[in-house]
Novice: 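Mind looking over this structure? Questions follow.
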There are 2 protein chains.
Amino acid sequence: MKSEKAALPLDTIIAGDCVKAMNALPAASVDLIFADPPYNLQLKGELHRPDNSRVDAVDDAWDRFDGFSAYDRFTRDWLKAARRLLKPDGALWVIGSYHNIFRVGAAVQDLGFWILNDVVWRKTNPMPNFRGKRLTNAHETMIWAARTDRSKYCFNYDALKALNDGVQMRSDWEMPLCTGGERLKTDSGEKAHPTQKPEGLLHRILIGSTQPGDVVLDPFFGTGTTGAAAKRLGRRWIGIEREADYIKAARARIADVVPAGPEALVVTASKRKEPRVPFGRVVERRMLEPGEVLESLNGRHRARVRADGTLITADAAGSIHQVGAAVEGAPSCNGWTYWHFRRDGRRVPIDVLRQQIRAEMTA
Amino acid sequence: MKSEKAALPLDTIIAGDCVKAMNALPAASVDLIFADPPYNLQLKGELHRPDNSRVDAVDDAWDRFDGFSAYDRFTRDWLKAARRLLKPDGALWVIGSYHNIFRVGAAVQDLGFWILNDVVWRKTNPMPNFRGKRLTNAHETMIWAARTDRSKYCFNYDALKALNDGVQMRSDWEMPLCTGGERLKTDSGEKAHPTQKPEGLLHRILIGSTQPGDVVLDPFFGTGTTGAAAKRLGRRWIGIEREADYIKAARARIADVVPAGPEALVVTASKRKEPRVPFGRVVERRMLEPGEVLESLNGRHRARVRADGTLITADAAGSIHQVGAAVEGAPSCNGWTYWHFRRDGRRVPIDVLRQQIRAEMTA
DNA sequence: GTCGCTTTTGAATCACGGG
DNA sequence: TCCCGTGATTCAAAAGCGA
């Protein structure tokens with residue numbers, strides 16, 4: 001095993017096809033594999049924002065496949081090669097969206113990996129749905145799987161718990177998109193890679209499922225987020241990438257990374273601002289029933305609750321705030337403190353229901 | 001179609017196997033299917049909390065399958081039967097966890113459904129991971145799919161936006177587990193069903209993807225959350241369930257549900273549904289005079305109104321939309337919100353004139 | 001340098017009816 | 001079946017810019 005590990009091209013990028021490259025490396029030599037494969041988006045026409053600006057879509061050749069079966073073959077090929085490379089106690093992370101993640105997940109199971117968790121990356125600033133035809137696609141899914149169901153995989157439970165303010169790390173991770181200074185640009189100012197992942201995602205993955213010195217391989221290296229995070233956290237890394245431009249950008253990026261001293265590993269203190277609660281949630285939860293009547297603070301006005309969380313009176317319909325402002329003839333109104341419901345014969349502001357929901361969220 | 005619909009056993013529970021039961025119903029007769037199939041949990045041995053109390057896990061006979069291929073056969077069988085039942089513009093929701101959702105999602109795609117979103121139910125109060133060997137499994141995944149990629153599926157965009165306090169509904173939904181008074185209990189005080197879903201989840205699904213009066217079918221009815229939510233929201237429902245105990249509990253539960261009044265079911269409607277008003281009507285009505293000058297939203301362009309309800313600039317002539325697109329160099333343009341006229345020195349969109357006409361039409 | 005306003009942008013399976 | 005015209009539709013965060 002020692003000699004095999006010595007043969008590994010550590011802390012370098014291998015240019016070329018990832019299946020061939022992985023098969024040329026010694027078996028059972030890698031501790032962790034992180035993979036961000038093509039998603040096989042099936043985009044049809046162009047998309048414009050309401051202000052008529054054009055959305056810069058992912059239309060690169062590497063994301064085009066000839067149907068599901070071609071994508072499945074591709075997926076099984078790279079997963080098989082990846083599994084051969086992993087040490088017996090090694091593990092795999094894959095990220096994807098609803099376009100591909102179900103096929104990838106089924107293949108992961110079929111090949112004998114053992115799924116440990118699926119993890120949701122909740123984006124704080126996703127791209128909206130511009131045409132109002134679907135829900136805002138605000139998350140991506142990652143699968144964490146051990147090589148087999150008998151693998152003694154690495155899981156740094158306490159490190160992740162510490163990273164999460166002392167409570168167990170959950171399977172949903174909130175994180176912004178990769179933007180700003182972190183986003184790599186070409187000389188002409190365009191984004192160097194269409195789907196660069198935030199380094200914070202890799203930070204959490206490496207802290208949670210590797211030890212310092214472990215070997216992490218990324219078969220779809222792109223502009224090297226995995227390598228940058230690994231170098232920063234004192235892990236060894238191997239990247240495989242086909243596109244020369246991405247390789248060049250990744251090399252320059254990783255060269256600039258300054259490895260962190262052990263004391264620097266504590267980051268991302270969670271910001272605890274009071275979460276926004278839509279009034280609709282009160283109705284869904286049936287803390288108030290559709291059709292129920294609310295009274296104003298002063299008792300002079302009444303409104304009825306509708307099933308979509310709006311209010312309706314004889315003259316107005318809309319949000320709790322809009323209808324409150326309308327009946328008062330005021331420019332604005334805080335509906336939470338203005339509207340009241342009856343409980344035990346007394347008038348209670350609906351804000352107590354919001355407080356109840358908030359208490360559950362932070363508990 | 002009418003006669004087929006008349007043959008549907010509406011607002012009832014069918015006892016028996018869901019594939020047989022679905023195949024006995026008329027094809028293309030159902031608007032929405034919500035399915036909460038067995039999760040194929042692969043639990044090895046019993047699970048204990050740190051204090052050695054035993055966790056009451058899902059180990060019922062209906063949740064055990066003989067490996068992945070048996071589960072895949074089962075999944076494809078019920079999905080095929082469900083797809084046959086759906087109207088051409090119908091849609092499907094399925095919920096699952098990482099144990100089964102990848103296999104289910106792949107089957108959904110293979111059978112020709114068209115995935116619209118995957119939606120994450122983020123639990124506010126998940127069961128912790130007692131052994132500290134994995135992340136807290138704090139979410140489940142739902143797949144929303146239209147029958148085909150050409151289906152004109154129902155999506156009440158504005159109602160969901162209202163339910164979310166005026167911003168687009170995202171693909172991650174935060175909601176507590178079904179506990180407390182909502183959780184059905186047996187006479188001996190045990191939970192009546194191991195995986196009862198919160199009714200709030202179904203509330204949001206039905207508000208977002210059905211109309212009042214639509215037929216909603218649930219092939220794994222359990223204790224009838226789908227039926228309860230459907231009755232409450234004025235939708236018709238059909239449940240299929242094998243276990244007599246669940247059927248009994250569901251019947252009693254749904255009988256107690258008080259439907260919301262019709263006025264509470266009217267939700268925020270889409271602008272798309274409003275009657276079309278030609279711009280020429282504005283000119284005919286002399287709300288704008290022929291020869292009058294309009295300004296663009298950003299103030300950078302001007303156009304003159306002609307007597308036939310077209311606009312003209314130095315370079316272009318045509319409808320309000322065509323000229324707006326032309327001066328902006330955009331592929332398209334909503335002239336109603338783009339062009340403005342002067343009133344009391346302020347720039348006002350011509351859309352207010354359309355709203356005035358529409359108000360008179362409905363008055 | 002700072003403040004405030006405007007512009008830009010992000011893995012997207014993103015219309016529909018009439019002729 | 002396709003073609004064409006109308007017109008509905010966006011949120012958070014960062015960058016850019018002018019005062």
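For clarity, every value in this text was computed on a predicted model and none was experimentally measured. Residue numbers start from 1 in every chain, and the chains themselves are labelled A, B, ... in the order their sequence lines are given, proteins ahead of strands.
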Novice: Show your reasoning for whether ring-ring contact (aromatic ring centres under 6.0 Å, His included) applies to A/Phe74 and A/Phe65.
Specialist: CA-CA 9 Å; A/Phe74 161 79; A/Phe65 292 85; 5.0 Å; yes

Novice: Rounded to whole angstroms, how far apart are CZ on A/Arg183 and C1' on C/dT9?
Specialist: 10 Å

Novice: Look for any protein N or O under 3.5 Å of an N or O in nucleotides 3-8 of chain C and output each such pair with its distance, or none.
Specialist:
none

Novice: Report yes if a side-chain nitrogen or oxygen of B/His321 is closer than 4.0 Å to either non-bridging phosphate oxygen (OP1 or OP2) of D/dG7; otherwise report no.
Specialist: yes

Novice: Once each nucleotide of nucleotides 14-19 of chain C is scored for protein heavy atoms under 4.0 Å, what B/S/- sequence comes out, 5' to 3'?
Specialist: BSS---

Novice: Between C/dG1 and D/dG16, how far apart are the P atoms? Round to whole Å, please.
Specialist: 16 Å

Novice: Can you tell me if CZ on B/Arg342 sees more than 12 non-hydrogen neighbours from other groups inside 6.0 Å?
Specialist: yes

Novice: Determine, stepwise, if the pair B/Trp144 / B/Phe155 fulfils ring-ring contact (aromatic ring centres under 6.0 Å, His included).
Specialist: CA-CA 11 Å; B/Trp144 176 34; B/Phe155 180 49; 5.4 Å; yes

Novice: Test the A/Arg354-A/Phe279 pair against the cation-pi criterion, namely NZ or CZ under 6.0 angstrom from the six-membered ring centroid and within 45° of the ring axis.
Specialist: no

Novice: So, for A/Phe220 and A/Asp36, which heavy atoms are closest and what is the spacing to 0.1 Å?
Specialist: CB-O, 3.5 Å

Novice: Can you name the nearest heavy-atom pair linking A/Cys178 to A/Arg183, along with the distance?
Specialist: O-CD, 3.2 Å

Novice: Any chance CG of B/Asn298 has more than 12 other-residue heavy atoms, nucleotides or ligands included, within less than 6.0 Å?
Specialist: yes

Novice: What is the distance, to the nearest angstrom, from the CZ atom on A/Phe65 to the C1' atom on C/dA11?
Specialist: 14 Å

Novice: When the distance from CZ of A/Arg122 to P of D/dA12 is rounded to whole Å, what number comes out?
Specialist: 13 Å

Novice: Pick the C1' atom in C/dA11 and in D/dG7, then give their distance to the nearest Å.
Specialist: 28 Å

Novice: Does the side chain of B/Tyr157 get closer than 4.0 angstrom to OP1 or OP2 of D/dT10 through an N or O atom?
Specialist: yes

Novice: Give one of base, sugar-phosphate or nothing for B/Arg354, where a contact means two heavy atoms less than 4.0 Å apart.
Specialist: sugar-phosphate

Novice: Between C/dG10 and D/dT10, how far is it from one C1' atom to the other, in whole Å?
Specialist: 12 Å

Novice: Taking a pair as Watson-Crick (N1 to N3 plus N6-O4 or O6-N4) or G-U wobble (N1-O2 and O6-N3), both under 3.5 Å, which stems of 3 or more consecutive pairs involve DNA chain D?
Specialist: C:2-10 with D:11-19, C:15-19 with D:2-6

Novice: How many Å lie between CG on A/Asp56 and C1' on C/dA11, as a whole number?
Specialist: 11 Å

Novice: Could one point to a donor on the side chain of A/Lys123 or the base of D/dA13 with an acceptor on the other under 3.5 Å away?
Specialist: no

Novice: Which parts of nucleotides 14-19 of chain D does protein reach within less than 4.0 Å, heavy atoms only, written one letter per nucleotide 5' to 3' as B for base, S for sugar-phosphate only and - for none?
Specialist: SS----

Novice: Between B/Glu174 and A/Arg122, does any side-chain N to carboxylate O distance fall below 4.0 Å?
Specialist: no

Novice: Sequence neighbours left out, what passes side chain to side chain donor-acceptor pair (under 3.5 Å) with B/Ser171? Give chain and number order.
Specialist: A/His139

Novice: Who pairs with A/Glu284 by salt bridge (Lys or Arg N to Asp or Glu O under 4.0 Å), at least two apart in sequence or on another chain?
Specialist: B/Arg204

